[in-house]
There are 2 protein chains.
Amino acid sequence: MKNPLQSYPGYLLRRAAVSRLAQLEKRLEPLGLGATEASILTLVHHNPDISQAECGRLLSIQRPNLNPIIRRLIERELVASSKGVGRALCLRLTDTGTALALQAITEFEAHEERIYAAVPEHLRADLIPLLMALWAPQ
Amino acid sequence: MKNPLQSYPGYLLRRAAVSRLAQLEKRLEPLGLGATEASILTLVHHNPDISQAECGRLLSIQRPNLNPIIRRLIERELVASSKGVGRALCLRLTDTGTALALQAITEFEAHEERIYAAVPEHLRADLIPLLMALWAPQ
DNA sequence: TATTGTTATACTCTATAACTATA
DNA sequence: TATAGTTATAGAGTATAACAATA
């Protein structure tokens, strides 16, 4: 039995993404973080006082879906919020949140290394621009 | 505001996969097919008398999840089933199913072309092996 | 017994509508 | 009014357990 879809780049792209995400989540599990939560911590770490809506835009998560995720991070005291302009909330990491974010970033970078290791050396420099081109155009 | 994850290949991989899948589903919508349904029709078209379980293995869909999808395709008279060995069912496309599968395959190939078009020419031959390498190793 | 099909169920992601609050 | 946060809800997709049917 043969899978004819394995010659389609779109199918392989999806399979690769699913497989690598699962691999990452396995590594993040000891930190008690999912990939989305780890992404948010990283984003807030790099952008103190970012709003919830801005987080959602940068991570392509819609506000109604992001809300309970952020609330859980606040409940866990990894993120703290203060009032911003309008109804906006400014998000910052707590000390615990910062410590966990740094661990998450370490895992992200190890993950990045694993992915690069799977790519033939002469193609590594092309990987990021290639994936951006596959994402961007529509 | 900057998204630090955009320098991680794993993040870009996921974004690209989601974006391209959405693009494909838009093209398949006029056929009344989702990407999964179109994949199954293509698979059965290339492997007449394939079983449901084998479909699931090749497409990485677990049997309990595949069951209602196949049943819907049978209800729509795109797929017909006959008894195989054990409890297995042999799946085949009906004439309507074959006609629709051919249209779906045309859409898959157009999709493939769009993806290749986004890739710099000197990297096109590397695309499939690259994505397979990103999928496979773990 | 091993494999397949089936049912039930639960959890996560995602999508939309509608509401409240504030510059 | 426009933007942000919030709530409710519905639909995919995915995961596990358990049962039925058949070689």
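Note on naming: letters A, B, ... go to the chains in the order of the sequence lines (proteins, then strands), and numbering restarts at 1 for each one.
- Remark: the backbone N or O of B/W135 is paired with a side-chain donor or acceptor of A/S19 at under 3.5 angstrom.
- We find that CG of A/L58 is positioned 15 Å from C1' of D/dA4, with the value rounded to whole Å.
- Mapping A/K83 and A/I69 onto DNA chain C by nearest heavy atom places A/I69 at the nucleotide closer to the 5' end.
- At a threshold of 4.0 angstrom between heavy atoms, the contacts of B/Q62 include nucleobase atoms, whether or not backbone atoms are also involved.
- Spacing between atom CG of A/L59 and atom P of C/dC13 amounts to 13 Å, rounded to whole angstrom units.
- Salt bridge absent: B/R124 and B/E121 never bring a charged side-chain N and a carboxylate O closer than 4.0 Å.
- For the pair B/E25 CD and C/dT14 P, the computed distance is 14 Å after rounding to whole Å.
- As rounded to whole Å, 18 Å separates atom P of C/dA8 from atom CG of B/L66.
- Residue B/R72 is out of contact with every strand shown, counting any heavy-atom pair closer than 4.0 Å.
- Across all strands, B/P64 comes closer than 4.0 Å to base atoms (heavy-atom distances).
- B/R63 places no side-chain N or O within donor-acceptor distance of the main-chain N or O of B/G56, the cut-off being under 3.5 Å.
- Regarding contacts with the backbone of D/dA18, every side-chain N or O of B/R63 stays at 4.0 angstrom or more from both OP1 and OP2.
- Residue A/A53 has its side chain nearest to D/dA4 when only C/dT14, D/dA4, C/dT6 are considered.
- Distances were taken from every side-chain heavy atom of A/R87 (C-beta onward) to each of D/dA21, D/dG13, C/dT20; the shortest belongs to C/dT20.
- No contact: A/I61 has no heavy atom under 4.0 Å from any strand.
- Salt-bridge formation is not detected for the pair B/R72/B/E75: no Lys NZ or Arg NE/NH1/NH2 atom is positioned less than 4.0 Å from an Asp or Glu carboxylate oxygen.
- Put simply, B/Q52 has no side-chain N or O that comes within less than 4.0 Å of OP1 or OP2 on C/dT3.
- Remark: P of D/dT7 and CG of A/N65 are 14 Å apart, rounded to the nearest angstrom.
- Regarding B/E29, its CD atom lies at a distance of 14 Å from the C1' atom of C/dA15, rounded to whole Å.
- Among the protein residues, A/T36 comes within range of no part of the nucleic acid, since none of its heavy atoms lies under 4.0 Å from any strand.
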